[in-house]
A.B. asks: 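There's a structure below that I have some questions on.
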Amino acid sequence: MATKARVMYDFAAEPGNNELTVNEGEIITITNPDVGGGWLEGRNVKGERGLVPTDYVEILPSDGKDQFSCGNSVADQAFLDSLSASTTQASSSAASSNHQVGSGNDPWSAWSASKSGNWESSEGWGAKPDGAGAQRNTNTPDNWDTAFGHPQAYQGPATGDDDDWDEDWDGPKSSSYFKDSESADAGGVQRGNSRASASSMKIPLNKFPGFAKPGTEQYLLAKQLAKPKEKIPIIVGDYGPMWVYPTSTFDCVVADPRKGSKMYGLKSYIEYQLTPTNTNRSVNHRYKHFDWLYERLLVKFGSAIPIPSLPDKQVTGRFEEEFIKMRMERLQAWMTRMCRHPVISESEVFQQFLNFRDEKEWKTGKRKAERDELAGVMIFSTMEPEAPDLDLVEIEQKCEAVGKFTKAMDDGVKELLTVGQEHWKRCTGPLPKEYQKIGKALQSLATVFSSSGYQGETDLNDAITEAGKTYEEIASLVAEQPKKDLHFLMECNHEYKGFLGCFPDIIGTHKGAIEKVKESDKLVATSKITPQDKQNMVKRVSTMSYALQAEMNHFHSNRIYDYNSVIRLYLEQQVQFYETIAEKLRQALSRFPVM
């Protein structure tokens, strides 16, 4: 008997992501309960199939008794409720508010709705859906250590340990940006990057070490912070607080995709070769290994640093050559982003991902990363600003400025993506057809003229024919041009859409900390905390502010470099494009006799 599920929340599918639009109360049939990454595949009563977030549906058992089936949102809610029992009434109210707002597809919707509300709990931010490309909700299996078998660079994939979670939905989106309206997402790129486009769920951070306590209390109210071995210094440079950049930088080349198989060929996958430029020693990784790295970085650094999502998983056609090339390009961009970040690139988990030497070393490092308690808000305990503490007014002003700018940039990026999408469609559809029609019309006219029998018009008819062929050539140039310039502009914007979609979570964490400090006088007066506790809170929220400013300085320097590069490239290609057209028209013109 087919498994049924009731939809708990409205979900709007994004075009091109193989998703299924569902409405609250609707009953769907589950055709694949574990696509992976927090998704399942379902079919509605109209026979339409697609992906739906697992947390959005409630499995209906055949006996009508089991309320807590695997993947059941009711079970997840019970888990969250058990965590919320230790929080204050205000915290619970904030989480409830965020949950309601979070049913939309825009991570900024909660920002807009909650600006004047209680920012105490960041839990609601971390758990809500994200439609603008930030973090997604991947249900991490409890048996992760035994479920994750990792291929070695020189010995091929280890096939014995993957079986428990060998989900291979590594397939492509549409191979072209905008073949039709169904194949284009709002950002103009074919990845369901929440989802960095987008519509995946965010990882429920409170299920990981470092997130056992909702909000920022775990960090702010800790009696004494352990002195971790890892330190993240923050210095004050010409433009304010900044991370300390390593003396030598490196990139990581993603190349040589190869198709592998296991279980006697029943299961296939694509494996990529990664070569850090500082070691020139290669390791091999599958997509799900990148996904593991993304989750670890998100869990560890996501409260302080935006971790953009990977190009998303897909259900069908995952071994087509064009898709493999596109995915490799996006994995390359993602890895380059991580390598450019002075904190991420030097982190133990990232270095281990690139430099493990054998299976034993990989598993040891992986388990260590998964048990890392310096994650979530506790990452701030590793940060040491080399500057005096800030006062609360300045801290709040800095946070508001970051929120205002990132929200405005998010709107601007989305507008450019929308315009770019429309332009791509026009350049690959109606516009070339118009040029083709002009070309054919001119050639038809020349054929009619040739039938006149008049002896003195051969040169004119030949010139008109060539002019018609020129317009057909122009049609081809117009159709191909977006791949040479608009493609790169859209990819850059889509990456930044992913970055910007992370900021509501980060800002929410900082707002929650600020609100806690504001409440500290009241807590001291009621003897819930000591005056020393309050001083510690002010010092720690100052550390958080320095981290936010350092990250924004890194963000701005990258933004300036990236947009200068990509817009220059776009304009250079446009100039070359129009010069090519002008030259072709000049050649066509030269064929006409001077009268």
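Since the structure is predicted, the reported quantities are computational estimates derived from the model, not experimental observations.
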A.B. asks: Provide the closest heavy-atom pair for Leu486 versus Gly420 in the form atom of the first, atom of the second, distance.
C.D. replies: CD2-O, 3.5 Å

A.B. asks: More than 12 heavy atoms of other residues, nucleotides or ligands under 6.0 Å from CD of Gln351: is that the case?
C.D. replies: yes

A.B. asks: What heavy-atom pair brings Phe488 and Val566 nearest, and what distance separates the two atoms?
C.D. replies: O-CG2, 3.3 Å

A.B. asks: What heavy-atom pair brings Leu274 and Leu354 nearest, and what distance separates the two atoms?
C.D. replies: CD2-CD2, 3.9 Å

A.B. asks: So, for Tyr496 and Phe555, is the gap between ring centers shorter than 6.0 Å?
C.D. replies: yes

A.B. asks: Less than 6.0 angstrom separating the ring centers of His285 and Phe356, yes or no?
C.D. replies: yes

A.B. asks: Hey, are Lys414 and Asp410 close enough for a salt bridge, meaning a charged N less than 4.0 Å from a carboxylate O?
C.D. replies: yes

A.B. asks: Any chance you could measure Glu271, atom CD, to Asn284, atom CG, to the nearest 0.5 Å?
C.D. replies: 4.0 Å

A.B. asks: Around Glu415, counting heavy atoms of other residues, nucleotides and ligands shown, do more than 12 lie under 6.0 Å from its CD?
C.D. replies: no

A.B. asks: Look at the side chain of Gln273 and the backbone N and O of Val283, then say whether any donor-acceptor pair between them is shorter than 3.5 Å.
C.D. replies: no

A.B. asks: Kindly give the heavy-atom pair with the smallest separation between His510 and Ser303, and that separation in Å.
C.D. replies: NE2-O, 4.2 Å

A.B. asks: Taking Trp362's backbone N and O only, do any of them form a donor-acceptor pair with Gln352's side chain (distance below 3.5 Å, no angle check)?
C.D. replies: yes

A.B. asks: Ignoring hydrogens and angles, tell me if any N or O in the side chain of Thr277 forms a donor-acceptor pair with the backbone of Asp251 under 3.5 Å.
C.D. replies: yes

A.B. asks: Less than 6.0 Å separating the ring centroids of Phe353 and Phe290?
C.D. replies: yes

A.B. asks: Once you round to the nearest 0.5 Å, how far does CG of Leu310 lie from CH2 of Trp334?
C.D. replies: 5.0 Å

A.B. asks: With ring-ring contact (aromatic ring centres under 6.0 Å, His included) as the test, pick out the partner of His556 among Phe405, Phe499, Tyr563.
C.D. replies: Phe405

A.B. asks: In Å and rounded to the nearest 0.5 Å, what is the NZ to CD distance from Lys300 to Glu370?
C.D. replies: 13.5 Å

A.B. asks: Please check if atom CZ in Phe250 has more than 12 non-hydrogen atoms from other residues, nucleotides or ligands closer than 6.0 Å.
C.D. replies: yes

A.B. asks: Report the relative orientation of the aromatic rings in Tyr219 and Phe380; use parallel for angles under 30°, tilted for 30 to 60°, perpendicular for over 60°.
C.D. replies: tilted

A.B. asks: Does Arg540 reach the main-chain N or O of Ala222 with its side chain, forming a donor-acceptor pair under 3.5 Å?
C.D. replies: yes

A.B. asks: Is Arg330 salt-bridged to Glu491, going by a charged N under 4.0 Å from an acidic O?
C.D. replies: yes

